[in-house]
*Asks:* 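Below you will find the structure I want to go over with you.
Lettering follows sequence order; numbering is per chain, from 1.
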Amino acid sequence: MVCNEFENYVCVDGVTDLDLRQTLDCGQSFRWTENADGSFDGIAFAKKVRVKLAGNKLYIENSNKADFENIWKSYFDFDLDYGKIRTEISKIHPVLAEAAQYAPGIRILQQEPYEALCTFIISQNNNIKRIKGIVQRLCECFGEEISEGNFAFPTPQKMANLTADDLAPLRAGFRNRYLIDAAQKVNSGEVDLEKCRTLDYEQARKELMKITGVGVKVADCTLLFGLHRIEAFPVDVWMKRAMAKLFPTMTANDFGEYAGIAQQYIFHYSRMHPELFE
DNA sequence: ACCCAGGAAATTC
DNA sequence: GAATTTCATGGG
């Protein structure tokens with residue numbers, strides 16, 4: 001993989017196993033929007049970029065080589081060989097092999113841990129379209145304006161000083177107090193997100209579940225999409241249906257060390273084939 | 001009006 | 001303790 005820097009963008013050559021829509025619009029991140037030409041605009045780590053894929057070249061506009069090395073290389077999880085992993089996990093079950101084949105361009109993003117925590121608190125009993133709206137308003141109201149009309153995800157320090165009523169403009173309903181509790185516990189250090197990268201998995205779960213509004217599923221999503229614990233296997237309503245219908249004899253433990261990647265293949269495959277569950 | 005949405009807390013049995 | 005209800009909000 002080679003990254004060449006130009007005036008206001010970089011070109012990353014040698015990119016494989018990446019489809020922007022499959023990766024950025026598959027319900028793991030809520031801050032990317034697709035443009036008419038297939039490029040995506042998004043903000044992560046307080047940087048606004050436009051990404052565009054052409055063959056094996058990924059163009060990142062409004063960026064530079066340093067940001068690629070420090071942010072985007074890991075954000076897109078380029079250190080993992082997804083082709084190899086797909087081959088490996090396809091041996092587990094023929095239906096998983098089909099799901100993986102269906103969207104081989106899915107990658108697990110390495111998002112900001114606190115953002116992943118908050119967005120999946122917001123996700124509970126909610127739909128992806130409305131989640132995006134709430135997240136957008138959260139950033140506009142309380143995030144730093146990094147450029148004209150573009151806002152970073154708010155910090156826990158900032159949110160820890162708010163009340164649930166301050167979040168009323170988000171229209172997040174009962175989730176407001178959960179967000180405040182998350183901000184306060186992360187800000188005070190009572191919950192240590194970084195420690196969850198290396199803790200025993202069950203302990204990491206428990207650490208996150210100290211937060212009111214964080215149960216097993218939100219903890220698993222935070223661990224998978226924010227802390228790169230790719231053994232995580234979040235089970236939401238879609239995954240419950242998929243497991244019952246497609247993998248009736250299996251449990252999360254049967255999907256191995258890359259269970260999180262398998263989960264994303266299955267989640268996406270199920271959402272694209274709702275007729276399977278009628 | 002009714003049901004559901006990348007669930008979890010609160011209540012009831 | 002396990003099963004059920006409630007929690008805001010918006011779209012179909």
*Asks:* Could you check A/Y178 against A/W238 and say which one's nearest nucleotide on DNA chain B is further toward the 5' end?
*Replies:* A/W238
*Asks:* Do A/I266 and A/I89 belong to the same hydrophobic cluster, where Ile, Leu, Val, Met, Phe, Trp and Tyr are linked whenever their side-chain heavy atoms lie under 4.5 Å apart, directly or via other members?
*Replies:* yes
*Asks:* With no hydrogens and no angle check, is any side-chain donor or acceptor of A/S74 less than 3.5 Å from a backbone partner on A/I71?
*Replies:* yes
*Asks:* Quick one: which of B/dA9, B/dG7, B/dG6 gets closest to the side chain of A/F174?
*Replies:* B/dG7
*Asks:* Taking only the side-chain heavy atoms of A/R177 (C-beta and beyond), determine which of B/dA9, B/dG6, B/dG7 contains the nearest atom.
*Replies:* B/dA9
*Asks:* Starting at CD of A/E278 and ending at C1' of B/dC3, how long is that distance when rounded to a whole Å?
*Replies:* 16 Å
*Asks:* Using atom P of each nucleotide, how far apart are C/dG11 and B/dA8 to the nearest Å?
*Replies:* 24 Å
*Asks:* Rounded to whole angstrom units, what separation is found between the CD1 atom of A/I134 and the C1' atom of B/dA5?
*Replies:* 11 Å
*Asks:* Does a sphere of radius 6.0 Å around NZ in A/K210 hold more than 12 heavy atoms from other residues, nucleotides or ligands, not counting ones at 6.0 Å or beyond?
*Replies:* yes
*Asks:* Rounded to whole Å, how long is the line connecting atom CG of A/L179 with atom P of B/dG7?
*Replies:* 15 Å
*Asks:* Which nucleotide in the list B/dG6, C/dC7, B/dA8 gets nearest to the side chain of A/Q124?
*Replies:* B/dA8
*Asks:* Would you kindly give the NZ-to-P distance between A/K129 and C/dA8, to the nearest whole Å?
*Replies:* 24 Å
*Asks:* Would you say A/R241 places a side-chain N or O within less than 4.0 Å of OP1 or OP2 belonging to B/dA5?
*Replies:* yes
*Asks:* If you assign A/M209 and A/M239 each to the DNA chain B nucleotide with the nearest heavy atom, which residue ends up on the more 5' nucleotide?
*Replies:* A/M239
*Asks:* Roughly how many Å is it from CD1 in A/I131 to P in C/dG10, rounded to a whole number?
*Replies:* 14 Å
*Asks:* What nucleotide, of B/dA8, B/dA9, B/dA5, holds the atom closest to the side chain of A/V218?
*Replies:* B/dA8
*Asks:* Would you indicate what A/G27 reaches in the nucleic acid, counting non-hydrogen atoms under 4.0 angstrom: base, sugar-phosphate, or nothing?
*Replies:* base
*Asks:* Using the P atom as the point on both nucleotides, what is the distance between B/dG6 and C/dA3, in whole Å?
*Replies:* 25 Å
*Asks:* Is it the case that more than 12 heavy atoms not belonging to A/Q101 sit under 6.0 Å from its CD atom?
*Replies:* no
*Asks:* Roughly how many Å is it from CG in A/N127 to C1' in C/dT9, rounded to a whole number?
*Replies:* 9 Å
*Asks:* Identify whether any heavy atom of A/V235 sits under 4.0 Å from a base atom; if not, whether one sits that close to sugar-phosphate; answer base, sugar-phosphate or nothing.
*Replies:* nothing
*Asks:* For the ring pair A/F255 and A/F247, is the centre-to-centre distance below 6.0 Å?
*Replies:* yes
*Asks:* Rounded to whole Å, how long is the line connecting atom CZ of A/F267 with atom P of B/dA5?
*Replies:* 11 Å
*Asks:* Could you state the CZ-C1' distance from A/R137 to C/dG10, rounded to the nearest angstrom?
*Replies:* 10 Å
*Asks:* Can you tell me how far P in C/dT5 sits from the matching atom in B/dC2, rounded to whole Å?
*Replies:* 16 Å
*Asks:* So what does A/F30 hit on the nucleic acid, given a heavy-atom distance under 4.0 Å: a base, only sugar-phosphate, or nothing?
*Replies:* nothing
*Asks:* Looking for any heavy atom pair under 4.0 Å, which part of the strands does A/R271 touch: base, sugar-phosphate only, or nothing?
*Replies:* nothing
*Asks:* Would you state whether a donor and an acceptor, one from the side chain of A/R171 and one from the base of C/dT9, lie under 3.5 Å apart?
*Replies:* no
*Asks:* Applying side-chain hydrogen bond (donor to acceptor under 3.5 Å, both in side chains), can you list everything that pairs with A/Q124, at least two apart in sequence or on another chain?
*Replies:* none
